[in-house]
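Each chain gets a letter, A, B and so on, in the order its sequence line appears, and its residues count up from 1.
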Amino acid sequence: MSVVQENPAVPIPVEIGGVRAGPPRSQILRRDTWWFWPGVQALGLLAFVGYGIWTAFRGDFYYAGTMGHVSSLPSHYLSPFYSPCFVSSCPTDAVWGPAGGIGTVSPALLVLIFPMGFRVTCYYYRKTYYRSFWASPPACAVADVGSTQPGGMRSKYSGETRFPLILQNAHRYFWYVAVIFAGILTWDAIEAFRFGSGWGMGLGTLIFVVNAVLIWMYTAGCHACRHLCGGGLRRFSNAPVRHTIWRRIVTPLNEHHQLYAWMSLIWIAWTDLYVYLVATNTIHDPRFF
Amino acid sequence: MAVGTSQTEGPSGAPSPASAGEHGTASGETLHMQLWRGDKDGGQFVEYQVPAQEGEVVLDVVHRIQASHAPDLAVRWNCKAGKCGSCSAEINGVPALMCMTRMSTLDTASPITVSPMRTFPVLRDLVTDVSFNFEVAKLIPSFTPAPPPPGGYRMQQVDVERGQEFRKCIECFLCQNVCHVIRDHEENKAHYAGPRFFVRLAELEMHPLDTLDRRAYVRERMGVGYCNITKCCTEVCPEGIHITDNAIIPLKERVVDSRYDPVAWLGRKILRRPAPMTAAEAAAHTSAATRGVSDAAR
């Protein structure tokens, strides 16, 4: 059987050999719980999106300048959802940029678009949501949903070759911005050591430090970073420094990119929740010194 | 599930429990094997019941069925060591090598299905026509080194090591089979090379002595943009090649360099670097082209 050439400009002239036959494609022969992890991941992402929407539109209690149990000095905890805070409603101690800030909209709505863009175009998250939400495919060797209905909306597949999915190629630009954000969150972690005009350490400080570390591990393990650091080279021996960075730092992080993607996602929500609980005086921030 | 006739091992069949004992410990359990029987005109699962033997792989059981019940059963195999890539099939719906799938890893309480690879046309029973892959292979722009310098070619160890992973490929085509781009969308075979050939292209693009620039070709003719990196190819690879992370994504990033990154484009202009090679220029280096076969003739 000759393949129908959908795109005559770029044909691969192949004689495929005959009808495929075999078991019908709509029949799922897998016996394992192939739906379990895509389901768990879908629930995890939905939970984060739900939490993110709530916290972004909340517009308050994102800065904990409150007293702790053993210290009368206020903390400087700024939620990562609202950092950098540069609108007029930002607390004086937390505002970035021009004095008084700009605009009155919830700062999170201005900030989140960049880390969101980084995660949405991330190669790992793409795998996750293509499986869990697009069902393309829902699992390996399970047919794309809708693909078995001839003439149906999903009977054709163009992958990431057309708008809007071709925009996934902008991932490296979101990575550039993500590096800046990782720097900002690192600064916030340093600020979390500040109590009043002096220095100290509370449970919140630890949470902020872990948050910054996880964000760096996720950002530095990015596939685009791996390419830019050295993966794009044809000859490693011509660039020993880049090869060392690629081999010793970025590739080991990249091997666990999925793990760091989830850990950093969960921890950033937990950091925000902790700030919220402290800011609303629901809990007191334990101070170590 | 369409299940045809059920056949139980007869007196002239494969090893009896007694003879099985000579090969080791027989569990005495009965295996319910459902093998796909048919050709291009259709087929069905046929159930065979055979006694279990310790230490077997799926291919062993299929061979016993072939010896005892179904001498006309078509099954492709060769090395029985996971190195020839011949016995690719789908076991309980999961693409795998029959010779590398231990029966002890399967739930034998319920029937075990063995079916041919779905992406390729069935010739007969478990044997498929994988010639699509050989046709695509002819379209890969070949290794093209510069003329050797005085003293011959030199390669550093770090550059040699990088390609070793890709050369582990045994061409079992399980990655091609599981890739939904062609598994679920037959029409994409016309403009999509598949994971196995992205591995080959990545190996060439990372070769320190190669001089071709295949990036435009990878995008336009090999269709790397169709891949949505759901990593199934990596999951089924019996050689453990990190197909997605080490081959496909690096290729996608190289395509971004040459096509979608305005900063890279500006850098090439400012530094007066050569423009990326066109797909047509790269196509001139395919084996089909170098043998003088025109596009139209192909």
Verify side chain to side chain contact (heavy atoms under 4.5 Å, CB included) between A/Arg234 and B/Glu205, making sure each step is shown before the conclusion.
-> CA-CA 7 Å; A/Arg234 194 185 270 269; B/Glu205 279 299 287; 3.5 Å; yes
Would B/Arg254 and A/His227 satisfy side chain to side chain contact (heavy atoms under 4.5 Å, CB included), going step by step from the backbone distance to the final call?
-> CA-CA 8 Å; B/Arg254 281 166 165 75; A/His227 173 77; 3.9 Å; yes
Take A/Arg172 and B/Asp257, measure what side chain to side chain contact (heavy atoms under 4.5 Å, CB included) needs, and give me the verdict at the end.
-> CA-CA 10 Å; A/Arg172 67 176 54 169; B/Asp257 283 342; 2.6 Å; yes
Step by step, would you call B/Val158 with A/His243 a side chain to side chain contact (heavy atoms under 4.5 Å, CB included)?
-> CA-CA 9 Å; B/Val158 289; A/His243 174 243; 3.5 Å; yes
Which is it for B/Glu186 and A/Arg25 under the salt bridge (Lys or Arg N to Asp or Glu O under 4.0 Å) test, yes or no, and what are the steps along the way?
-> CA-CA 12 Å; B/Glu186 175 89 359; A/Arg25 281 197 306 113; over 6 Å; no
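In this structure, B/Gly225 and A/Thr161 approach most closely via the heavy-atom pair C-CG2, 3.5 Å. Of all the heavy atoms in A/Leu29 and B/Gly93, the pair that sits closest is CB-CA, 3.5 Å. Among all heavy-atom pairs drawn from A/Gly22 and B/Pro116, the shortest one is CA-CG, 4.5 Å.
Here the CZ atom belonging to A/Arg131 is positioned 4.0 Å from the SG atom belonging to B/Cys232, to the nearest 0.5 angstrom. Note: B/Lys252 NZ to A/Asn169 CG = 6.5 Å, rounded to the nearest 0.5 Å. Distance CG/A/Asn238 to CG/B/Asp159: 7.5 Å, rounded to 0.5 Å.
Most heavy-atom pairs under 4.5 Å with chain B, from the set A/Glu255, A/Arg126, A/Glu160: that is A/Glu160. When each of B/Arg219, B/His242, B/Arg118 is checked for heavy-atom pairs under 4.5 Å with chain A, B/Arg118 comes out on top. With respect to chain A, the highest number of heavy-atom pairs below 4.5 Å among B/Leu209, B/Thr230, B/Val181 belongs to B/Thr230. Of the residues considered (B/Asn246, B/Asp39, B/Val255, B/Val224), B/Asn246 shows the highest number of contacts with chain A, using heavy-atom pairs under 4.5 Å. Annotation: maximal heavy-atom pairing with chain A below 4.5 Å, among B/Ala279, B/Pro262, B/Gly38, occurs at B/Pro262. Each of A/Ala143, A/Pro24, A/Gly159, A/Ser136 has some count of heavy-atom pairs under 4.5 Å with chain B, and the biggest count is that of A/Ser136. With chain A as the partner, the residue from B/Ile249, B/Asn133, B/Val263, B/Val178 showing the most heavy-atom pairs under 4.5 Å is B/Ile249.
Ring planes of A/Tyr157 and B/Tyr226: tilted class, angle from 30 to 60°.
In summary, the side chains of B/Asp245 and A/His257 do not present any donor paired with an acceptor at a separation below 3.5 Å, with no hydrogens or angles considered. Side-chain atoms of A/Gln168 and B/Tyr260 form no donor-acceptor pair, as typed in the model, at a separation below 3.5 Å.
By the 6.0 Å contact criterion, CD1 on A/Ile113 is open, its count of non-hydrogen atoms from other residues, nucleotides or ligands being 12 or less. A/Met116 CE: 12 or fewer foreign heavy atoms inside a 6.0 Å radius.
With a threshold of 4.5 angstrom between heavy atoms, A/Arg226 approaches chain B through side-chain atoms but not through N, CA, C or O. Of the two parts of B/Asn177, neither the backbone nor the side chain holds a non-hydrogen atom closer than 4.5 Å to a non-hydrogen atom of chain A. With a 4.5 Å cut-off on non-hydrogen atoms, A/Tyr124 does not touch chain B at all. No part of B/Gln157 comes within reach of chain A, as not one of its non-hydrogen atoms sits under 4.5 angstrom from that chain. Proximity to chain A (any heavy atom under 4.5 Å) is shown, for B/Val130, by neither the backbone nor the side chain. If you measure heavy-atom distances from B/Arg162 to chain A, the contacts under 4.5 Å come from the side chain alone. Residue contact with chain B, scored on non-hydrogen atoms closer than 4.5 Å, involves the side chain of A/Ile166 exclusively. Heavy-atom distances place no part of B/Ile248 under 4.5 Å from chain A, backbone and side chain included. For A/Ser155, the part lying near chain B is the backbone, with the side chain staying farther off; criterion is any non-hydrogen pair under 4.5 Å. Looking at B/Leu251, there are no atoms closer than 4.5 Å to chain A (heavy atoms on both sides), in backbone or side chain.
The shortest distance between side-chain heavy atoms of B/Cys233 and A/Cys140 does not fall below 4.5 Å. B/Asp261 places a side-chain heavy atom less than 4.5 Å from the side chain of A/Tyr173. Using a 4.5 Å heavy-atom cutoff, the side chains of A/Lys156 and B/Glu187 are in contact. The shortest distance between side-chain heavy atoms of B/Gln156 and A/Pro240 does not fall below 4.5 Å. A/His171 is not listed as a side-chain neighbour of B/Val256, based on a closest heavy-atom distance of 4.5 Å or more. Using a 4.5 Å heavy-atom cutoff, the side chains of B/Glu253 and A/Tyr123 are in contact.
Panel note: side chain B/Asp184, backbone A/Ser147; no donor-acceptor pair is recorded below 3.5 Å.
In this structure, A/Arg31 does not pair ionically with B/Glu90, as no charged nitrogen and carboxylate oxygen lie closer than 4.0 Å.
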